[in-house]
Number of protein chains: 4
Amino acid sequence: MRFMTAGESHGKGLCGIIEGVPANLSLSSPEIDKELRRRQSGFGRGGRMKIESDHAEIFSGVRWGKTLGSPITLFIENRDHKNWLQGMSEDISAQGSLPPVTRPRPGHADLAGAIKYGQQDIRNILERSSARETAVRVACGAVAKRFLSEFGIMVGSYVTQIGNEHAAIDSQPSSEDLQSLFEGAENSVVRCPDEKSGRRMVALIEKAMKEGNSLGGVFEVFVTGVPAGLGSHIQWDRRLDGKLAQALMSVQAIKGVEVGAGFAMAGRPGSEVMDEISYVREKSEARRKKERKAFTAGRTMRAALKGA
Amino acid sequence: MRFMTAGESHGKGLCGIIEGVPANLSLSSPEIDKELRRRQSGFGRGGRMKIESDHAEIFSGVRWGKTLGSPITLFIENRDHKNWLQGMSEDISAQGSLPPVTRPRPGHADLAGAIKYGQQDIRNILERSSARETAVRVACGAVAKRFLSEFGIMVGSYVTQIGNEHAAIDSQPSSEDLQSLFEGAENSVVRCPDEKSGRRMVALIEKAMKEGNSLGGVFEVFVTGVPAGLGSHIQWDRRLDGKLAQALMSVQAIKGVEVGAGFAMAGRPGSEVMDEISYVREKSEARRKKERKAFTAGRTMRAALKGA
Amino acid sequence: MRFMTAGESHGKGLCGIIEGVPANLSLSSPEIDKELRRRQSGFGRGGRMKIESDHAEIFSGVRWGKTLGSPITLFIENRDHKNWLQGMSEDISAQGSLPPVTRPRPGHADLAGAIKYGQQDIRNILERSSARETAVRVACGAVAKRFLSEFGIMVGSYVTQIGNEHAAIDSQPSSEDLQSLFEGAENSVVRCPDEKSGRRMVALIEKAMKEGNSLGGVFEVFVTGVPAGLGSHIQWDRRLDGKLAQALMSVQAIKGVEVGAGFAMAGRPGSEVMDEISYVREKSEARRKKERKAFTAGRTMRAALKGA
Amino acid sequence: MRFMTAGESHGKGLCGIIEGVPANLSLSSPEIDKELRRRQSGFGRGGRMKIESDHAEIFSGVRWGKTLGSPITLFIENRDHKNWLQGMSEDISAQGSLPPVTRPRPGHADLAGAIKYGQQDIRNILERSSARETAVRVACGAVAKRFLSEFGIMVGSYVTQIGNEHAAIDSQPSSEDLQSLFEGAENSVVRCPDEKSGRRMVALIEKAMKEGNSLGGVFEVFVTGVPAGLGSHIQWDRRLDGKLAQALMSVQAIKGVEVGAGFAMAGRPGSEVMDEISYVREKSEARRKKERKAFTAGRTMRAALKGA
């Protein structure tokens, strides 16, 4: 399975092609749109999030509610584009209709991108480096989630920190805990399962907004129902941890990635960071004793976002 | 540079994403459409070719007439789609609105595709395996041609055979010959530079059409202005001939590819198939004696199409 | 499955790493060496073919006669290297121990390679572009053949033309014919199943050798037992014909590749180049009427070699 | 540039092929061996580290002290292999000469690998998943470092934590600081530039060894002299942070990766995590104000190792 995305932040829209999805998987726009809404619903999101209620149109690869095995094209219109018809036109006749952006923002791709791609107008960089691109990644990810769900594999996440507010969350949650943490996150405007902490996060965000500032945070992603043997130890670029780390770190503003206990493991002796393995008779298979631990090592990941 | 295409023959349209094109290259829809028109103008093409006057809309990667370095999305609407709104709908509610195709055509992907992708309705295969997909490949190729033209590299082609009619064309044309062969092809309804032969080809096609039959043919592709050193001998999958052969053989209905004299070289002694190398003073560089030969070995290719 | 090769013609040896081979496949050096011997046994091969009786040592990926799933390293020592210890040493102290090669041969990578890689001594190019590299490709291919044989898939080949001598071979052989053609080839010094023609080929080669010349030729490769659905129509770079064409055209001196009837199909009407499809009851599966035809379209390939 | 490694921990040796290295780069075994020695010199390393004084033999790609542009093969003999001639033989005749490993170790690839590759004898997994594989990655990395040094790009690292001992190191070192931190690391048995802390680390390791335990730790990698514009914002899989994260996280036992301040950035407002940009007149180019900061955002990385 491979995918590519395209599209500028204020251009006509964002486009993604996902290829290698098997045939006969049921798939529909509303399922994808549900994930796009989750992306847009965070507290304190910019005004634009309200303008754009994203919708992924399926241009190819699906017929009568099922995938064809052929490449799936998803297109998310930029509803704001109507205000940028000239400014982001592909036509040369629109040249100069908008003043150039000449001041590179720190902590962004602006400067490096302008040097690399030989641009005087930084808009030619920021339109693509913008976090708006994640919308179509979410849409592609929704297709992957749809596929994984056929195997009982479930992906979830929740927020554990915003600014200097840390939620009180068990650092080694069980599978059941993970499920309820996820549900808590789904019901929170800041995606934090710890309600009290969530309220303080809201207050912190409101304060930062008043000050014209922004905040970073930390979230945890987990996957349950993963079969043994995804990825492989046989070559560096097939290792699962490495691939997952790339996927996360390639998201705009993510600056740290941990697997399981991550950096905390560095401070503990080897004897304490190992997952015990035992045989669970009723499941007729060898598996690690505490399932929460089983999935700590390879399938819970934590990522840090910086403010922007 | 990499690209992927997507889209079904009677779906909403065909989509291509091309990535790795440098920034600041001038590019416009009309330039791409010109290549799409060339694709559609062949004599004896099905009625649909007349229905669809293809237009490539640029969805991303170009602003004010210049590429941004970001992925370029091209979208070619299927004008015929309005007649297939239900039959090719992505919505499950349209299920069954068209009877299934159950008879696999010989010489097509129908049978193998249906087995591989588990389809009862062969339409779910043929919609993607259709030669209509080449429209968006042509569009992507138009971008590549635009890029290459910056370096004085020019790609052309002409037809040398349709059915059993062989055009009288020098088998080792010089660079100047190639240019005039190309111009001859551009002015011929069957893209054959030999006018007399072209008229006989037209007659053959008319006869085949009356009989409900089709014809194959042979065309030659050439590239002029290529610098030494594209591709590489260091690894099997970097060799230029191999990459070009894949690109050509991946086109629907192409069943043979030759580089330079190709199979004819098999019957000649080694001493006759070598390009002599000499020094061309006025160009201040060593190059092969007869330029036409220089390009015979590596950069003229011939491909055979079967009828369908 | 992916592989890379390395090694110079007169260096220490040739190395290949093949990765993605499943575990628990039986594999041994002698099996690979058998294929290496087949490569070396052609009539009229240079004297070196006699010096080097190639042996592939397995450096990794196999234990106790079975693959481990880990990358398989094959190493073929260059027995001639002992005469090139200084000339091909990796050590700077050996610099200048051999006069440079300064005359590029036509029809080889010499000139283009020297320009691309900035070399004064063409030996730095020809040592790698040499056809000796195919020894390790044969070794890697032997592993692939071993794997395919588990599924009853068999790869064979035979020579149909050397110089202007064409063997009398049915252009549409059945599966049984293919097997006997292959056996005929295995028993021929020129790999030609047509004995009379083979004798004339031997005479042609002897004549060319006396004249200090060389000859090209044509061979056919076939695969039997292939299941439906290898490759895919969904993306240009997944199409089987294209991949096979790349693999063949990437072999040194190959200048033409055909699938099935290839260029001959161009001259026949569509109605004659189609493989009829029918249902073979006893095999409980739909398949094409004449098996020979079934495999003509996608799995018999013909390639042309030029002399060197 | 791409590379693959192969080889088992107690097999004949480890092999790497690196491809895409330009021609005419000076390269020698001793340079590579120097990096291999650095890998082996850590305090508390297992006894095997003393047995094996690794040496990378260059099998291909280098002639007379310079790269040829062709693939470079590096081979590191396993000196311990002489004790495993039967146990790790590729020959089926050696089958059963060693009792199988049947107890999967927690925190390793043992269990998942055995399930994935269908192995009863876990040795068939652990021989490849072993950290010994990093020896050849270091060798390949040495080639890359050699290449980068031509552009004044320098890669260094130092240890900041072992077990619960944290070194006192400035969290935002300048370029000059980085250089001296690196020199401090080179002179420390635990690669810690803070001498006092280093002594406590040694004590911790000794204690853990007595207890049959192991420790994790944290190290920082930095790169100086990097030009603007490596990587790209245009596609998720071209982003530099993502690629670096994959490279680090694919190393055995690494469970966390940070870019710049990483997780610490999550707790600080956006206004404090930005690198200011200013114009440095004497260098005639726009660059970020404090160079140390310039490289914090994109080119200093921190990774966490767990004990094993």
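Atoms considered below: every heavy atom in the structure, side chains included; atoms not considered: hydrogens, waters and symmetry mates. In what follows, chains carry the letters A, B, and so on, assigned in the order in which the sequence lines appear, proteins first and then strands, with residues in each chain numbered from 1.
Only the side chain of D:Glu19 has a heavy atom closer than 4.5 Å to any heavy atom of chain C. At a 4.5 Å heavy-atom cutoff, the contact between D:Glu57 and chain C is made by side-chain atoms alone.
Listed options D:Lys116, D:Met88, D:Glu127 were ranked by heavy-atom pairs under 4.5 angstrom with chain C; first place goes to D:Met88. Among the candidates C:Gly69, C:Ser89, C:Pro22, the residue making the largest number of heavy-atom pairs closer than 4.5 Å to chain D is C:Ser89. For the options D:Gly7, D:Ser28, D:Gly87, D:Ala23, heavy-atom pairs under 4.5 Å to chain C are most numerous at D:Gly87. Ranking C:Val62, C:Ile17, C:Thr73 against chain D, the residue ahead of the rest is C:Ile17, based on heavy-atom pairs under 4.5 Å. Taking C:Ala94, C:Ser129, C:Gly113 one by one and counting their heavy-atom pairs under 4.5 Å with chain D, the maximum is reached by C:Ala94. No other option in D:Gly11, D:Ser97, D:Ser93, D:Gly16 has as many heavy-atom pairs under 4.5 Å with chain C as D:Ser97. Per-residue heavy-atom pair counts under 4.5 Å with chain D were compared for C:Arg128, C:Gln86, C:Met4, C:Lys66, and the maximum is reached by C:Met4. Put simply, of C:Ile72, C:Asp121, C:Ile125, the one with the most heavy-atom pairs under 4.5 Å next to chain D is C:Asp121. Heavy-atom pairs under 4.5 Å with chain D were tallied for C:Thr5, C:Leu27, C:Asp91; the largest tally goes to C:Asp91.
Remark: the backbone N or O of C:Gly118 is paired with a side-chain donor or acceptor of D:Asn24 at under 3.5 angstrom. At least one donor-acceptor pair under 3.5 Å links the side chain of D:Lys12 to the backbone N or O of C:Ile58.
Contact check for C:Arg123 versus D:Arg63: side-chain heavy atoms found under the 4.5 Å cut-off. Under the 4.5 Å side-chain criterion, counting only non-hydrogen atoms from C-beta, D:Trp64 is in contact with C:Leu98. Between C:Ser70 and D:Glu8, the closest side-chain pair of non-hydrogen atoms falls below 4.5 Å. At least one side-chain heavy atom of D:Phe59 sits under 4.5 Å from a side-chain heavy atom of C:Phe75. The closest side-chain heavy-atom distance from C:Ser60 to D:Cys15 is not below 4.5 Å.
C:Lys243 NZ: 12 or fewer foreign heavy atoms inside a 6.0 Å radius. At most 12 non-hydrogen atoms from other residues, nucleotides or ligands lie less than 6.0 angstrom from CD of C:Gln120.
Using a 3.5 Å distance cut-off with no hydrogens or angles, the side chains of C:Ser29 and D:Glu90 do not pair a donor with an acceptor.
To the nearest 0.5 angstrom, C:Asn124 atom CG is 5.0 Å from D:Leu68 atom CG.
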